[in-house]
Q: 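Below is one structure. I have some questions about it.
Scope of the values below: all heavy atoms of this structure, side chains included, with no hydrogens, waters or symmetry mates. Per chain, numbering begins at 1; letters A, B, ... match sequence-line order. Treat the numbers as computed from the prediction; the structure is a model and nothing was measured.
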Amino acid sequence: MASAGAEGDEPLSESGALDRADDLEGRDRGEDSARTGDAGGDHVDHRHHFRLRDEVLGVEGDERGRLGDGRDRGEGESGERARHRSATIVRALAGRILHALTLGRSLPTVSRFFAGSDWAMTKPRLRFAPSPTGYLHIGGARTALFNWLYARKYQGTFVLRIEDTDRARSTDESVRAVFEALEWLGLDWDEGPGVGGEYGPYFQTERLEVYRDYAERLIRTGHAYKSYETKEELSRLREAHKQGSGRDDFRYESRWRDGREPPREGPFVVRFKMPKDEQPVGFDDLVYGQVSKRHVDMDDWIMLRPDGIPTYNFGAAVDDLTMEITHVARGDDHLNNTPMQILVFRALGHDPPKFAHLPMILGPDKKKLSKRTGSVSVTEYRDNGYLPHALVNFLARMGWSRGDQEVFTRAELLEHFDWNGIGKAGGVWNKEKLDWLDNYWMRVSPPEALMPLFMGQLARLGLTAGDDERSRAILRLYVERTSTLKEAAEQAAFFFSDGVAIDEKAGEKQLLGNRPLLEAARERFASGTFEALSLEEWTKAHAEKAGVKLGKVAQPLRVAVTGNTVSPPLFDTLVLIGRDEAVRRVGAALEWMSEKTPPGA
RNA sequence: GGCCCCUUCGUCUAGCGGUCAGGACGGGAGCCUCUCACGCUCCAGACAGGAGUUCGAUUCUCCUAGGGGUCACCA
């Protein structure tokens with residue numbers, strides 16, 4: 001593997017394989033602060049992706065068979081099958097050892113061999129592998145959630161891996177955005193940036209030598225080859241094909257596939273050597289069931305770029321293999337990639353993990369949800385005052401269901417989540433339902449949990465409120481009549497401001513002509529007890545005296561003290577505004593009226 | 001265009017051969033009521049089409065149509 005420039009830093013993995021001491025470093029979970037902030041500063045030297053885990057040998061006895069998803073696990077296997085399996089194991093182990101020797105590196109672990117075989121996966125290992133090219137997308141968040149749920153449900157491991165191989169678009173800022181969003185949603189990871197782990201590093205750009213090693217192996221075993229055409233050459237060919245045939249189905253036939261021409265010097269990519277037959281590559285998707293794609297329908301895709309950076313299919317497959325991932329749950333836009341990755345696993349002598357492809361989240365146009373059609377960034381929902389659990393609840397119900405249940409606590413999600421509850425059809429993002437759920441969770445959430453968020457939203461409006469009884473009482477009035485805390489803050493703003501702007505239309509309709517009422521009210525507010533019940537009594541009496549319904553007097557008062565025709569119940573509102581401010585506002589309303597109707601008009 | 005996948009009310013979905021096709025969001029009507037909201041009651045609203053299999057198909061099979069995804073040195 002000699003891409004220019006990669007030559008020099010060749011210190012393969014020996015060094016790393018020995019210093020196992022730092023394996024345990026940074027594994028403490030629960031230190032939230034540790035994993036924020038420093039985007040990958042701490043995964044010192046986890047190069048020993050070939051770690052010996054002797055305890056694995058003890059697996060056979062008690063751990064076999066009690067597994068993961070329970071969907072496809074047959075109880076006992078026949079002696080026939082077991083024997084066959086042992087034979088396979090011996091053969092494959094021998095192969096691995098031989099390999100290790102020829103590579104001159106540490107022995108592969110036994111555990112790696114067992115990974116993916118259904119009787120050794122004691123605990124599932126799942127991963128979320130975002131590419132940090134922006135905010136965390138709502139679809140990515142759901143993928144993360146489902147992986148997290150499954151891992152947690154079965155006491156497995158949730159790994160966060162950063163697929164930052166798109167050097168042009170990946171940024172540290174995006175990495176931080178991903179952390180922030182996952183943390184906000186409460187999706188904590190056991191391995192990955194900030195927490196370390198035995199399978200690091202967890203940034204793909206720090207695993208380049210791993211990909212190079214595996215690419216070399218594939219070349220040596222005839223599963224891959226170096227290809228020397230340039231990018232420009234390719235796009236020229238592609239263009240020519242399009243012009244010539246008018247069709248957009250260009251398939252590249254590499255000149256170097258069969259090594260006929262002697263490889264020349266210069267930059268090259270490594271391509272996967274796709275068998276040229278009609279053999280289908282099939283797998284049993286946990287959601288979609290049997291899926292397959294034929295060899296001929298795939299081409300010699302590029303695994304490694306000239307600079308040694310892997311393309312998605314290769315990087316993901318190698319990482320899932322070396323990180324011993326047991327279940328890969330991701331968007332169904334990857335359905336087409338899966339056979340290619342399976343081929344990598346097989347070429348490397350391993351069983352692939354199980355796959356669960358999640359139906360996509362669609363926009364109102366039924367296409368892939370995009371920025372155009374609404375908010376797609378998780379942090380945007382946070383900023384818009386949604387509760388993290390409301391989003392989690394909603395995301396969980398997007399594509400997954402359990403009978404008629406709509407509302408799920410986190411514990412219920414953990415208890416009931418499973419792949420077989422996932423449907424196959426994509427779903428349209430339904431903001432109204434999210435709003436309804438957010439309102440629901442606001443109403444059942446303890447006020448002390450809501451207050452900080454509420455105050456934060458008020459602060460965004462330039463208003464300050466303390467976490468006191470009054471603020472809480474105000475919040476209580478709004479949790480049941482708004483769908484987000486942002487909305488609550490906006491609507492409650494008049495409680496926290498000095499004076500209030502009277503809405504033109506509201507004022508004209510409700511205030512004008514009610515001068516006597518407002519004057520009487522000002523007097524009453526200033527003198528009597530300022531308490532909801534007695535205020536209501538006074539108002540009712542006033543209405544009765546005037547021979548009108550309560551609404552006739554309540555509305556003008558409402559407009560006077562809140563500026564608008566809509567507010568929480570008037571008397572509660574008055575009390576919370578407070579006597580002095582209420583008196584002032586009624587006074588201001590009277591002034592407003594005077595300006596509208598100059599004396600003499 | 002090739003390949004892969006999908007198809008129940010507007011939307012999210014339940015259904016896993018026999019149901020008046022259920023629920024939720026949203027919509028409509030009403031009750032409650034000082035406005036708004038909550039809550040409650042009620043209403044409208046779906047098995048894409050066509051062949052099979054079957055005593056019987058929303059459910060199983062095939063075809064058609066429609067939709068989506070993917071075909072990069074993006075992930």
Q: Strictly below 4.0 Å: does A/T165 bring a side-chain N or O up to OP1 or OP2 of B/A75?
A: yes
Q: Between B/G69, B/G23, B/C34, which nucleotide has the shortest distance from any of its atoms to the side chain of A/P569?
A: B/C34
Q: Could you tell me how the ring of A/W419 sits relative to the ring of A/F417: parallel (under 30°), tilted (30 to 60°) or perpendicular (over 60°)?
A: perpendicular
Q: The side chain of A/T230 is closest to which nucleotide in this list: B/A75, B/A24, B/C73?
A: B/C73
Q: How many whole angstroms separate atom CG of A/N336 from atom P of B/U70?
A: 8 Å
Q: For B/A46, which nucleotide in any strand shown is its Watson-Crick or wobble partner with both distances under 3.5 Å?
A: none
Q: Under 4.0 Å from any atom of RNA chain B, heavy atoms only: list the residues of residues 136-146 of chain A that qualify, in numerical order.
A: none
Q: Looking at A/V500 and A/T562, what are the two nearest heavy atoms and their distance?
A: CG2-O, 3.3 Å
Q: Between B/U11, B/G69, B/U7, spot the one nearest the side chain of A/M360, thanks.
A: B/G69
Q: Tell me whether the OP1 or OP2 atom of B/G39 has a side-chain N or O from A/R443 closer than 4.0 Å.
A: yes
Q: Just compare B/C5, B/A75, B/C73 and give me whichever is closest to any side-chain atom of A/N313.
A: B/A75
Q: To the side chain of A/H334, which of B/C34, B/U70, B/A75 is closest?
A: B/A75
